[in-house]
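Everything on this sheet refers to the single structure shown next.
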Amino acid sequence: MAERLAGKAAADHLYHKTRERAETFSKENGFSPCLAIVRVGSKPEDLAYERGVRRHAEDAGVALTTRELPEDVTEDGVIDVIHELNSDERVTGILLFLPLPQGMNQKKVVEEIAPDKDVDGATDASRLFTYTGAGAGFAPCTPEAVLVICDEYGISLEGKHVVVIGRSLVVGKPLSMLLLKRNATVTVCHSRTRNLASITKSADILVSAAGRIGMVTGNMVRPGQTVIDVGINFDQDGKMKGDVLFDDVSEIVDAVTPVPGGVGAVTTAVLLSHAVPAV
Ligand code: NAP
């Protein structure tokens, strides 16, 4: 039976480290780091994420403020709020919930976030930073959470073959860059990949970020592997499910992250850690 790589331990360690940094920041600056959430409307998934961040902000020593904007706010209205937060020195991070309502030029709005406050790595500046190390910004939180889990459980990446299923700008691509920086050998798969199972079986570490319930089955894995499930999907009963068929896969591999309680738990901890500037 595989080891269950729960996210809570990794998240708790990161909250502790973040809190120490936040205390140092507060002493040096005379105010606490503060994450500003910008939310247009009240979509249930946004509210659920916000509740999770609020639950843990204190653990991380980060203050939280929310700018709730009406569903019919204009593009310029959102940009005005972002400008106000950019120039407020007490706001150290900005999280804009996406997607924005239809009709808004989302890219234009996102690009207004100051790169040093872009805690979820949404701007082009953050991408440049993640891909080349130039300028300022952050990697998106979820790919970073994958590395935090590996570090927590002593899973070394150096020289390992990591297969990533998914090539989105939010997870797959930035994750592959972060893995390369750790000297992993990375194969990125997507919906046009042929012979997916033979590639996933060749991995030392398999990360699935496809957004397909239960697509990683026992016949895609082999003994000795670590499997990290990034997928957050909901079945017809509204139950959260990962990409990995957990019971099937955990009979075979060495270690696997659960959903819920795996990568998602760590993502919030990474988000709050980004809201504390380096001191
Ligand atoms: P996305 O933009 O829909 O990208 C999915 C990727 O998976 C695409 O590259 C797609 O290939 C590939 N893919 C889809 N079906 C596939 C298949 N059958 N075989 C191989 N590749 C396949 O999704 P995303 O935003 O990256 O998110 C991926 C998952 O992670 C979702 O479940 C999402 O909810 C979850 N997520 C979790 C967190 C967290 O905190 N844990 C954060 C963000 C996202 P193509 O490029 O060819 O279409």
Side-chain angles (χ1 to χ4, degrees), residues 5-8 10-11 14 37 43-53 55-56 95-100 106-107 110 119-122 126-127 130 138-150 152 162-179 186-203 206-217 219-221 227-235 238-246 249 256-274:
L5 306 176
K8 188 176 181 317
L14 187 51
I37 290 179
K43 289 201 285 288
E45 59 271 31
D46 291 351
L47 293 174
Y49 191 16
E50 190 176 323
R51 273 196 302 275
V53 176
R55 219 173 21 247
H56 291 291
L95 175 67
L96 171 65
F97 279 132
L98 301 175
L100 293 171
Q106 180 163 299
K107 171 126 185 79
V110 166
V119 286
D120 201 18
S126 278
R127 285 193 189 115
T130 305
F138 295 95
C141 299
T142 300
E144 220 179 286
V146 171
L147 301 197
V148 171
I149 288 197
C150 289
E152 174 71 23
V162 185
V163 172
V164 178
I165 306 178
R167 58 174 164 179
S168 74
L169 280 173
V170 181
V171 188
K173 280 192 184 120
L175 174 59
S176 63
M177 291 298 132
L178 297 181
L179 290 165
V186 184
T187 302
V188 181
C189 301
H190 46 79
S191 65
R192 313 280 176 90
T193 297
R194 292 186 192 152
N195 303 322
L196 185 60
S198 69
I199 299 172
T200 56
K201 276 186 180 160
S202 73
L206 171 62
V207 184
S208 185
R212 299 277 181 272
I213 293 184
M215 70 160 275
V216 177
T217 56
N219 58 17
M220 294 170 71
V221 295
V227 177
I228 299 180
D229 191 352
V230 174
I232 294 187
N233 316 293
F234 294 90
D235 68 12
K239 212 168 159 210
M240 189 190 289
K241 299 272 172 149
D243 287 358
V244 175
L245 215 50
F246 187 89
V249 165
V256 58
T257 62
V259 176
V263 176
V266 185
T267 297
T268 306
V270 172
L271 175 77
L272 286 162
S273 79
H274 285 175

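Side chains are part of it too, since the values below use all heavy atoms of this structure and drop only hydrogens, waters and symmetry mates. Whatever order the structure lists them in is the order used to number ligands and atoms, beginning at 1.
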Quick test: of every protein heavy atom, which one is nearest to atom 7 (O) of ligand 1, and how far off is it to 0.1 Å?
A210 CA, 3.3 Å

Can you sort out which atoms of ligand 1 are near T267, meaning under 4.0 Å from one of its heavy atoms?
39 (C), 40 (O)

Examine distances only and state if a side-chain atom of D120 and a backbone atom of C141 form a donor-acceptor pair shorter than 3.5 Å.
yes

Heavy-atom nearest option to atom 26 (O) of ligand 1, drawn from S208, S168, P174
S168

If you define the side chain from C-beta out and look only at heavy atoms, does anything of M177 sit under 4.5 Å from R127?
no

Among all protein heavy atoms, pick out the one at the shortest distance from atom 34 (O) of ligand 1; state its residue, atom name and that distance to 0.1 Å.
I232 O, 3.0 Å

for atom 37 (C) of ligand 1, nearest protein heavy atom and its distance come out as V230 O, 3.2 Å

Ignoring angles and geometry beyond distance, decide whether G166 reaches within less than 3.5 Å of ligand 1 through its nitrogen or oxygen atoms.
no

Taking atom 27 (O) of ligand 1 as the reference point, the nearest protein heavy atom with its distance:
V171 CG2, 4.1 Å

Taking side chain as C-beta onward, heavy atoms only, is L206 less than 4.5 Å from M220?
no

Ligand 1 contacted by G172 (non-hydrogen, < 4.0 Å)
no

Quick one: look up the protein heavy atom nearest atom 46 (O) of ligand 1 and list residue, atom name and how far away it is.
R167 NE, 2.7 Å

Short list, please: which atoms of ligand 1 are under 4.0 Å from a heavy atom of G264?
40 (O), 41 (N)

If we count only non-hydrogen protein atoms and require a distance under 4.0 Å, does atom 11 (O) of ligand 1 qualify as touching the protein?
yes

Give me the nearest non-hydrogen protein atom to atom 43 (C) of ligand 1 as residue plus atom name, then the distance to 0.1 Å.
T142 OG1, 3.7 Å

Any non-hydrogen atom of I165 lying under 4.0 Å from ligand 1?
yes

Would you mind checking which non-hydrogen protein atom is closest to atom 28 (C) of ligand 1, with the distance to 0.1 Å?
A209 O, 3.3 Å

Ligand-residue contact atoms, ligand 1 with N233, heavy atoms, under 4.0 Å
32 (O)

Is there a side-chain contact between V259 and F246 (heavy atoms, below 4.5 Å)?
no

State, with a plain yes or no, whether a side-chain heavy atom of I165 is found less than 4.5 Å away from one of V216.
yes

Please confirm whether C189 comes under 4.0 Å of ligand 1, counting heavy atoms of the residue only.
no

Keeping the roles fixed (side chain from D229, backbone from D243), state whether a donor-acceptor pair exists under 3.5 Å.
yes

Are any of the N/O atoms on R192, whether in the backbone or the side chain, positioned under 3.5 angstrom from an N/O atom of ligand 1?
no

Within the distance-only criterion (no hydrogens, no angle test), does the side chain of T130 pair as donor or acceptor with the backbone N or O of P174 below 3.5 angstrom?
no

Taking the side chain as every heavy atom from C-beta outward, state whether E50 and F97 have any pair of such atoms under 4.5 Å apart.
yes

Hey, are the side chains of V146 and V230 touching, using non-hydrogen atoms and a 4.5 Å cut-off?
yes

Atom 19 (N) of ligand 1: the protein heavy-atom neighbour that sits closest, reported with distance to 0.1 Å:
M215 CE, 3.7 Å

Report yes if the side chains of T187 and I199 come closer than 4.5 Å at any heavy-atom pair, otherwise no.
yes

Main-chain N/O of V171 paired with S168 side-chain donor or acceptor, under 3.5 Å:
yes

